[in-house]
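Okay, so here's the structure we're looking at.
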Amino acid sequence: MSKKELKALRRPFIQELFRNNKFNLAMTVAAAFLGAVAELVISWLIKEVADLISGECPYGFGTLLVIAGGGFALYGLGWILDRTFLSEFSAKAMKQYREYVFDRLMEKGIQAFSGENSSLYLSALSSDVNTIEVDFIGRLQSTIQVGIAFVGALGLMLWCSPFLTLIAIGFSLLPIIVSVILGNKAAAAEKNVSDQKERYTGMLKDALTGFSVIKSFKAEKSIAGLHDHSNGAVAEASKKRTKVNVLVSYSSGIAGAILQFGVFFVAAALALSGRGITAGTAIVFVQLLNYVLGPIQAFPTFFAGMMSAFGLIDKLAGALSKNVPDEGRQIPPRLTEGISVKNLAFAYEEGKPVLRDVDMELRAGGCYALVGGSGSGKSTILNLLMASSKNYRGEILYDGHELKTVSAGSLYDLVSMIQQNVFVFNSTIRDNITMFSEFPEEEIDRAVRLSGLKKLIDEKGADYLCGENGSGLSGGERQRISIARALLRKTPVLFVDEATASLDAQTSFEVLDAILNLDGYTRVIVTHDLDESILRRCTGLFALRNGEVSEQGTFGELMDRKGYFYSLFTVSQG
């Protein structure tokens, strides 16, 4: 991706930091300006007091005291503005940034994370956000202040001695060069830390998600080894970053010391030679050089922080730009004819086809089952029907509308899916059914009744907290919540992908029975459970083998043929 494209992707993220936040920023800049002016007034006073002692100051002692009082008043006013608006600016900037990132994340396609690393987003909304807040937003106001002080100090130096100012500018080239060179190194080191933290977050996520597998296979030591390796990589990246930051700090300090000593040495030589430089001028130059040095010393840190923040934003913006459904045309949220699949072919990797010339006719209002061995392509078909990818050959038609041309939002108004792994939020049963939206009570009651959840709610109540990922519920209860969600949405098409794979036989039968009892819905069920009483109630069966439809027909028709399905069913009953 070109730099121009990266900047275009980054721009809205940066804008979000300042959206509706310009007044707070303006007040923090005003505070910075007042603080810088106060510092310059004090510096000028030091010169005048030094010249007053040597008899070269045109002002009286009382006048200087009044001016000093004004300088300290500016300090106080700047402090009040800073205290009032700086925290507001920073908090609002990061709040808006997080909300924007999350909103963009919610725009991604339904199957986005099947091919993406979610740890990138976890890192982006945690440690990366902290880096942006501390290294960019947190240093913005102080950098503005030292920038204002730099301009003011340069003006005051020119007023005191243009020649000595030129000498100071010449000496300033060294710390500027150091800043530019080391700033890029610091940015690269910060990005490396972010990358290692992202990998560490992914490793932790895997370990916690697969905790039961780790314990059952006694793999604690092996996983601990993986953790230690990932943790060590984070520590090593952090160590390198610290070394670079120390190098930046010390190199900037040495370059600044050379600047101060060099200018003071020249000023002293000019004063001793009687070339119009007073002792007060020599002293004020040393004082003002602090404000010249300020931006030079602060710039590498701020520049490194800004480049690090931009690097993190670029990485996130690039990821968020992928797997976003293209806008297509709207179609009615109803199915009157059916779904036609014609010559469908698909491959996750080039040269490794998963589906080959699949043809299926799914009439509206019917119930169809996809059966076959593991890896035969059943779930892939459902995912493609849910627009997980447009990289397929052939046609998928909803009432004659090619799926590639249909908008994602329009499709989701038409279709719902019940999957094997049901996610249940740590909230009430009611919230998990309604997905935190408002519905009429009679519609909720209908969904509860048809999904078989009434007994659970009668026992535990609709306000029962389900626990993290539904830990307070059984597998069957979680599946019933998933069915109730789909019923409440009232989408006319319902896909069921191995929804009963982890359930016992009785619960599996009850869940599938509840789905089959849903009149008026077009249902497509992927199931490993070849229960005759369930399959006989289906409008049609599709037996898949090696990515192809080997046979199709009703249960009775396929059993009479004594072909592939007959073999599958017979083996399953043994």
Does a side-chain heavy-atom distance below 4.5 Å link [X] with [Y]?
X	Y	value
Asp135	Met306	no
Leu541	Leu535	yes
Val101	Val129	no
Asp531	Phe509	yes
Asn343	Asp359	yes
Glu468	Phe425	no
Ile381	Met360	yes
Arg537	Asn517	yes

request  = Would you sort out whether Arg489 and Ser416 count as a side chain to side chain donor-acceptor pair (under 3.5 Å), showing the intermediate values?
outcome  = CA-CA 8 Å; Arg489 292 191 64 225; Ser416 293; 2.8 Å; yes
Decide whether [X] and [Y] meet the rule of one side-chain donor and one side-chain acceptor closer than 3.5 Å.
X	Y	value
Asn192	Asp195	no
Asn432	Arg485	yes
Asp463	Thr428	no

task = Show the numbers, then the answer: is there a side-chain contact (heavy atoms from CB on, under 4.5 Å) between Ser482 and Gln479?
result = CA-CA 5 Å; Ser482 181; Gln479 284 294 359; 4.2 Å; yes
Write down the atom of [X], the atom of [Y], and the distance for their closest heavy-atom approach.
X	Y	value
Leu9	Gly318	CD1-CA, 4.3 Å
Tyr398	Ile339	CE2-CD1, 3.6 Å
Tyr564	Ser550	CB-OG, 3.7 Å
Ala207	Ile223	CB-CG2, 4.2 Å
Lys378	Glu498	CE-OE2, 3.9 Å
Glu402	Val406	O-CG2, 3.4 Å

Please check if atom [atom1] in [X] has more than 12 non-hydrogen atoms from other residues, nucleotides or ligands closer than 6.0 Å.
X	atom1	value
Arg363	CZ	no
Lys92	NZ	yes
Lys454	NZ	no

request  = Assess whether side-chain contact (heavy atoms from CB on, under 4.5 Å) is satisfied between Leu488 and Glu443, documenting all intermediate values.
outcome  = CA-CA 7 Å; Leu488 199 54; Glu443 293 186 13; 4.0 Å; yes
message = Between Phe89 and Leu140, is the side-chain contact (heavy atoms from CB on, under 4.5 Å) condition met? List the steps.
response = CA-CA 11 Å; Phe89 167 70; Leu140 182 61; 4.0 Å; yes
Nearest 0.5 Å please: distance from the [atom1] atom of [X] over to the [atom2] atom of [Y].
X	Y	atom1	atom2	value
Gln15	Asn21	CD	CG	13.5 Å
Leu335	Thr522	CG	OG1	4.5 Å
Leu355	Leu544	CG	CG	7.5 Å
Phe439	Lys490	CZ	NZ	9.0 Å
Ile483	Leu494	CD1	CG	8.0 Å
Ile132	Ile313	CD1	CD1	4.5 Å

Taking the side chain from [X] and the backbone from [Y], do they hold a donor-acceptor pair closer than 3.5 Å?
X	Y	answer
Ser451	Ala447	yes
Thr434	Arg430	yes
Gln196	Val193	no
Thr554	Gly540	no
Ser388	Asn383	yes
Ser340	Glu361	no
Thr28	Leu25	yes
Arg478	Gly470	yes
Ser376	Arg545	no
Tyr200	Ala233	no

request  = Report the C-alpha separation of Tyr100 and Arg19 in whole Å, then their side-chain angles, then the decisive distance to 0.1 Å, and conclude whether the side-chain contact (heavy atoms from CB on, under 4.5 Å) test is met.
outcome  = CA-CA 11 Å; Tyr100 179 73; Arg19 181 177 59 84; over 6 Å; no
key: Stepwise ring-ring contact (aromatic ring centres under 6.0 Å, His included) check, Tyr121 with Phe102   = CA-CA 9 Å; Tyr121 301 105; Phe102 194 80; over 10 Å; no
ask   = If you draw the axis of the six-membered ring of Phe310, does the NZ or CZ of Arg10 fall within 45° of it and under 6.0 Å from the ring centre?
value = yes
ask   = Does NZ or CZ of Arg536 come closer than 6.0 Å to the centre of the six-membered ring of Phe555, within 45° of the ring's axis?
value = no
key: Residue pairs fulfilling ring-ring contact (aromatic ring centres under 6.0 Å, His included) with at least one residue in residues 335-371, sequence neighbours excluded   = Phe346-Tyr348
task = Output yes when Glu16 and Arg11 qualify as a salt bridge under the 4.0 Å nitrogen-oxygen rule, no when they do not.
result =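 Between Arg11 and Glu16 there is no salt bridge, as every charged N stays at least 4.0 Å from the carboxylate O atoms.
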message = Could you check whether Asp445 pairs with Arg449 (Lys NZ or Arg NE/NH1/NH2 to Asp/Glu carboxylate O, under 4.0 Å)?
response = no
ask   = Which residue, Ile137, Ile14, Leu17, forms the side chain to side chain contact (heavy atoms under 4.5 Å, CB included) with Tyr97?
value =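 So the option named by the test is Leu17.
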inquiry  = As a quick check of understanding, evaluate salt bridge (charged side-chain N to carboxylate O under 4.0 Å, His left out) for Glu442 and Arg446, giving each step before the final call.
reply    = CA-CA 6 Å; Glu442 59 271 18; Arg446 173 181 174 274; over 6 Å; no
